[in-house]
Amino acid sequence: MPQEVLLALIAAGGIILGAAVGKLLEKLPTKGASAQELITRFHAEIERLTERVDELTDRVDAGIRVGREKDDYIHALRAHISAGNPPPPPPYPDGLKQ
């Protein structure tokens, strides 16, 4: 192979390699942008989950309150029965469904 052809092939390979490295370097800022997009998406997901946890906490607290009111009513009914009182039973609490 003549020396000129070999030098031309080496030069062409260098140009192609340089172009490929240039293209890879152009993508680096995009990687940073992707990381920022990921952070933004995770932040939005954390906010959504925080709201959901708050909603569920409120529901649990309401359930605990209702459970206590029912327990109190059960104790009142048992006391009414144990005392030998006739019907009607003590009035149903206002905050509970009948």
Side-chain angles (χ1 to χ4, degrees):
M1 186 180 287
Q3 190 173 12
E4 294 85 17
V5 174
L6 186 57
L7 288 175
L9 287 174
I10 291 172
I15 291 171
I16 292 171
L17 182 60
V21 169
K23 287 290 185 187
L24 288 174
L25 290 177
E26 287 175 10
K27 292 188 177 193
L28 285 178
T30 304
K31 287 258 185 200
S34 295
Q36 185 58 43
E37 289 171 7
L38 188 61
I39 290 169
T40 302
R41 193 172 52 177
F42 283 155
H43 182 68
E45 183 69 9
I46 288 169
E47 287 180 359
R48 186 187 71 76
L49 291 173
T50 300
E51 289 174 6
R52 182 70 177 140
V53 166
D54 290 344
E55 292 170 5
L56 292 173
T57 301
D58 291 344
R59 289 179 64 184
V60 167
D61 291 344
I64 290 170
R65 180 189 53 79
V66 168
R68 286 184 183 146
E69 289 176 3
K70 286 182 178 183
D71 286 346
D72 291 345
Y73 185 60
I74 290 168
H75 292 301
L77 286 174
R78 290 181 60 86
H80 180 83
I81 293 168
S82 293
N85 294 333
Y92 204 78
D94 290 333
L96 298 177
K97 296 178 185 176
Q98 290 189 14

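Starting from 1, each residue takes its place in the sequence as its number. When reading the values below, keep in mind they use all heavy atoms of this one structure, side chains included, and skip hydrogens, waters and symmetry mates.
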* **Pair E37 + R41, salt bridge at N-O below 4.0 Å** => no

* **NZ/NE/NH1/NH2 to OD/OE distance under 4.0 Å, E51 and R48** => no

* Structure fact -> Residue set satisfying side-chain contact (heavy atoms from CB on, under 4.5 Å) with L56, at least two apart, ordered chain then number -> R52, R59

* To do: Nearest 0.5 Å please: distance from the CG atom of D71 over to the CD1 atom of I64.
  => 11.5 Å

Identify all side-chain donor-acceptor contacts of residues 72-90 below 3.5 Å with residues at least two apart in sequence or on another chain.
| unit_1 | atom_1 | unit_2 | atom_2 | d |
| --- | --- | --- | --- | --- |
| Y73 | OH | P90 | O | 3.0 |
| H80 | NE2 | P86 | O | 3.0 |
| H80 | NE2 | P88 | O | 3.4 |
| S82 | OG | R78 | O | 2.9 |

